[in-house]
Amino acid sequence: MTEPTTQAPADLARGHTVSRYDQELAKLRGIILEMGEHVVEQIQGAVSALVSHEGSQAFRVLDREPQIDFLALDADEEVFRVIARRQPTAIDLRIVLALSKIAGDVERAGDKAARIARQTIELDALGRGEELLSARLREALGALDACACCMFEHSINGVARFDVRVALDVFEREPALYEASHAVRALLGDEGQEGLSARQTVCVLTCAHALERIGNHAANVAEQVIYVAEGQDVRFRNREILIETLRHRML
Amino acid sequence: MRSGELARSQESRETVGDYSVPDARMRCRDVEVWYGDKRAIHGVSLDLGRNEVLSMIGPSGCGKSTFLRCLNRMNDTIDGCRVSGSIQLDGEEIYDRALDPVPLRARVGMVFQKPNPFPKSIYENVAYGPRIHGLTNNKTELDALVETSLRKAGLWDEVKDRLDAPGTGLSGGQQQRLCIARTIAVSPEVILMDEPCSALDPIATAIIEELIDELRANYSIAIVTHSMQQAARVSQRTAYFHLGDLIEVGETNQIFTNPQHRLTEDYITGRFG
């Protein structure tokens with residue numbers, strides 16, 4: 001993962017007259033970035049456990065999950081504190097509201113990594129064996145993982161700098177995410193079950209669905225990055241038109 | 001980073017946002033104010049709508065109070081002060097030489113930062129204006145007007161049993177509401193408020209803010225305040241002044257969530273200076 005930067009975005013480079021306010025906002029953003037780092041590690045660990053038959057790694061993923069939950073609670077507490085003490089307005093208000101929503105998405109992305117780990121453990125319990133997943137299924141899952149993970153890392157980097165370009169990169173990867181997800185489903189559904197039992201198939205499909213959802217959470221985070229930077233709520237907007245409009249404005 | 005309007009407008013001193021409203025109560029165009037050689041207001045155009053509260057915010061010395069005082073010719077009393085441009089009240093030019101500023105100040109009343117009741121009874125504080133302007137024909141009518149004004153100012157229940165007590169004996173918040181009752185008593189169309197709550201505690205401030213919201217049903221109100229939260233709470237539109245320029249004006253919700261000018265954003269987020 002690219003090292004998250006804690007450098008203030010250009011709009012925030014000029015600090016508040018009350019410098020402690022800057023520290024409080026930086027602390028809140030720092031918690032989210034730390035959550036993001038943990039979640040990326042969790043996704044990588046869970047998918048690695050799934051495709052590489054490293055069952056013990058799946059348990060480590062589950063053991064680490066509470067760290068992310070605790071950070072989410074810390075983020076909520078900071079949000080309450082900043083609102084109560086500073087009554088943020090304008091870009092500060094957008095930052096606080098957006099970070100609060102982002103914390104929820106990042107935490108839920110962590111839940112998806114844990115879900116993959118649990119499915120991996122279940123597959124192990126079903127006696128999946130070394131070669132349970134065919135080479136092409138592993139490849140398809142790897143492609144989906146790469147796409148979801150890349151989107152998620154990008155979205156967290158977008159939060160670090162509230163960078164619209166990075167957020168748009170996330171959106172532009174969505175078609176590839178759905179394509180990769182479809183490829184996995186096609187292997188397990190339309191083209192047979194790759195030698196898996198019905199229960200094993202459900203486990204693998206659940207993992208694929210979790211990866212797709214991680215990509216969706218990344219897109220949600222990217223929407224909030226744009227909300228902060230542009231002051232526009234872009235949820236539920238047509239992605240193609242949005243990307244074109246914002247790219248055009250940045251020329 | 002931000003690639004939209006805010007980035008493009010950060011150096012401009014042109015007013016961002018629509019300063020006009022349909023069927024405005026007061027219409028100001030290209031208003032300039034000079035104190036001797038010093039220009040305090042630079043060609044400001046701004047409307048005050050009917051039944052709206054317009055808040056004017058900005059750092060000290062930005063010209064917001066100077067502009068407010070132009071709206072009822074209070075600046076006439078300052079030596080060396082010159083006002084140019086057009087300020088109309090219901091289509092009538094208020095700086096017309098033929099216009100008497102005394103009745104104007106009844107039509108455009110003012111509430112000041114520090115409550116300033118007359119050193120007279122509560123009753124006389126309210127009755128004085130209607131009496132000198134000849135708004136009532138007899139004592140019964142005057143009594144009714146005093147009661148109505150005190151009720152509109154939310155003070156009647158607190159003072160109805162001591163109308164002969166001195167106005168200066170009331171608490172700060174009550175004195176300010178007495179001043180508002182005094183303003184209302186002469187049937188104004190516009191009420192100007194220059195930091196009306198800056199000397200009041202939070203409870204008295206909340207009562208005044210509630211009152212402002214109620215008064216909006218009958219009057220147009222322009223308020224100068226240093227409290228960003230107060231501007232956000234009480235007004236429908238907000239105007240941001242900076243060094244004599246009107247930098248931005250717009251719906252209060254928009255100004256406080258997504259201002260379009262860098263200077264506005266810096267000020268309301270506490271990054272100014």
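A quick note: this is a predicted structure, and the numbers were derived from the prediction, not measured. Residue numbers begin at 1 in each chain, while the letters A, B, ... track the order of the sequences.
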- Applying a criterion of heavy atom separation less than 4.5 Å, what residues of residues 232-240 of chain B form contacts with chain A? none
Mind checking the [atom1]-[atom2] spacing from [X] to [Y]? Nearest 0.5 Å is all I need.
X         : Y         : atom1 : atom2 : value
Thr269(B) : Arg94(A)  : OG1   : CZ    : 10.0 Å
Asp92(A)  : Thr257(B) : CG    : OG1   : 12.5 Å
Asn258(B) : Gln232(A) : CG    : CD    : 8.0 Å

Inspect the surroundings of [atom1] in [X] and state if more than 12 heavy atoms from other residues, nucleotides or ligands are less than 6.0 Å away.
X         : atom1 : answer
His42(B)  : NE2   : yes
Glu244(A) : CD    : no
Tyr227(A) : OH    : yes
Glu179(A) : CD    : no
Glu240(A) : CD    : no

- Query: What heavy-atom pair brings Leu93(A) and Phe256(B) nearest, and what distance separates the two atoms?
  - Reply: CD2-O, 4.5 Å
- Message: Looking at Thr89(A) and Ile268(B), would you say the former's side chain and the latter's main chain have a donor-acceptor pair under 3.5 Å?
- Response: yes
- Item | Expected output: side-chain Arg271(B) to main-chain Thr17(A) donor-acceptor under 3.5 Å | no
- Message: My understanding is that only residues two or more places apart in sequence, or in another chain, count here; which of them pass ring-ring contact (aromatic ring centres under 6.0 Å, His included) with His242(B)?
- Response: Phe272(B)
